Amino acid sequence: MTRNVVISGGGTGIGLATAQVFAAHGDQVLLLGRREEVLRKAAVPGALTCAADLSDVGGVRRAARFAADELGAVDVLIHSAGGSGRLEPRVEREDPLELVADNWLVNFRINTLTAVLLTEALKDHLAEPGGRVLFLSSIAAYRGSGSGAYAASKAALHPYVHDLARELGPRGITVNAVAPGYVEDTDFFGEAMDEARRERLVAETSTGRPGTPGDVAATLHWLASPAAGHITSQIVQVNGGAERGH
Ligand SMILES: NC(=O)c1ccc[n+]([C@@H]2O[C@H](COP(=O)([O-])OP(=O)(O)OC[C@H]3O[C@@H](n4cnc5c(N)ncnc54)[C@H](OP(=O)(O)O)[C@@H]3O)[C@@H](O)[C@H]2O)c1
């Protein structure tokens, strides 16, 4: 059966790899992200695209309307939009406290708000029973991320997963998050990854390799399958053992 799959951040990295897996299984995919050009060029057969800033209420309303009009019911909703804020436009500030405020607000907007707003806008359109909502958290939610802002904006999704799982469970819809460790071949790190840092991150794993977008995509695909129908309200870590299960 063809499923309707909405993927935010679907034009690059983990979201794109996930879209490719669902499309390869015959599902209809809708890719969301801010850059229209990136979405249009994404190599996902038959994918629909809608460019929108999902941290903005107006953008989310437009994307949700597009999804409802084009797809009807949404079987799988995957939130891959996000980042550390490093790729966002630089704002010049004299005051260090203003810089701290910007960093926390940017992270909250792109990681937490994008996922919460799109979920709330599409909640009534989720297929029932059998619908799936999947979030992208991070190993940082367990460990911190330097300034704390990125880690906190991902950790904020965990209680939302639990509340939503309780709310949507009676409709036969599961809600989970996947928390990856270091994943290569995405835009996430921009210029911020050097060989020494990469080696340190790989050395933390038991598998002795970085994660790939495909590793995360396969886990998301499994969580969206009927086989995972009794798994809900969980944070599933995909990190090669870099952070042990808890
Ligand atoms: N790579 C890793 O090591 C790693 C580890 C743990 C967790 N994660 C998480 O995994 C998810 C995917 O990251 P990735 O590694 O695949 O990085 P990526 O290639 O940079 O993907 C992030 C995507 O989010 C989209 N996006 C960002 N802000 C948005 C907004 N306001 N509205 C709509 N779309 C937005 C971006 O597209 P536009 O800029 O065009 O909007 C981009 O396509 C993120 O949530 C990230 O935090 C990544």
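Both ligands and their constituent atoms are indexed starting at 1 by order of listing. Keep in mind that this is a model prediction, so the values were computed, not measured.
Ligand 1 has K154 within reach: a non-hydrogen atom of the residue lies less than 4.0 Å from it. Taking a 4.0 Å cut-off on heavy atoms, G10 fails to register as neighbouring ligand 1. Not a single heavy atom of G211 sits under 4.0 Å from any atom of ligand 1.
Closest to atom 36 (C) of ligand 1 among all protein heavy atoms lies R35 NH2, 4.2 Å. Shortest contact from atom 18 (P) of ligand 1 to any protein heavy atom: T12 OG1, 3.4 Å. Ranking the protein heavy atoms by distance from atom 47 (O) of ligand 1 puts Y150 OH, 2.7 Å first. A81 CB, 3.6 Å is the protein heavy atom nearest to atom 35 (C) of ligand 1. Distance from atom 28 (N) of ligand 1 to its nearest protein heavy atom, with residue and atom name: R34 NH2, 3.2 Å.
Contact atoms of ligand 1 toward D53: 30 (C), 31 (N), 32 (N) (distance under 4.0 Å to a heavy atom of the residue). Close approach to G83 involves these atoms of ligand 1, each under 4.0 Å from a residue heavy atom: 47 (O). Those atoms of ligand 1 with a heavy atom of G33 less than 4.0 angstrom away are 33 (C), 34 (N), 41 (O). The distance from ligand 1 to the heavy atoms of G9 drops below 4.0 Å at these ligand atoms: 23 (C), 24 (O), 25 (C), 43 (O). Residue A52 approaches ligand 1 through these ligand atoms, each under 4.0 Å from one of its heavy atoms: 32 (N), 33 (C). Interface atoms of ligand 1 facing T114, defined by a heavy-atom separation under 4.0 Å, are 30 (C), 31 (N). Near G13, meaning under 4.0 Å from any of its heavy atoms, are these atoms of ligand 1: 16 (O), 19 (O). Atoms of ligand 1 found under 4.0 Å from any heavy atom of G181, numbered from 1 in the order shown, are 3 (O), 5 (C), 6 (C).
Remark: ligand 1 and S80 share an N or O pair separated by less than 3.5 Å (distance only, no angle test). At a 3.5 angstrom cut-off on N or O pairs, L136 does not count as close to ligand 1. Considering backbone and side-chain N/O atoms, P180 never comes within less than 3.5 Å of an N/O atom of ligand 1. At under 3.5 Å, not a single nitrogen or oxygen of E88, backbone or side chain, sits near a nitrogen or oxygen of ligand 1. At a 3.5 angstrom cut-off on N or O pairs, I14 counts as close to ligand 1.
For Y182 and F188, the ring centers sit 6.0 Å or farther from each other.
One hydrophobic cluster, built from ILVMFWY side chains closer than 4.5 Å, cannot hold both L220 and I235; they sit in different ones.
Atom CZ of R61 sits in a sparse spot, with 12 or fewer heavy atoms from other residues, nucleotides or ligands closer than 6.0 Å.
Checked by atom type, the side-chain pair D27/T2 shows no donor-acceptor distance below 3.5 Å.
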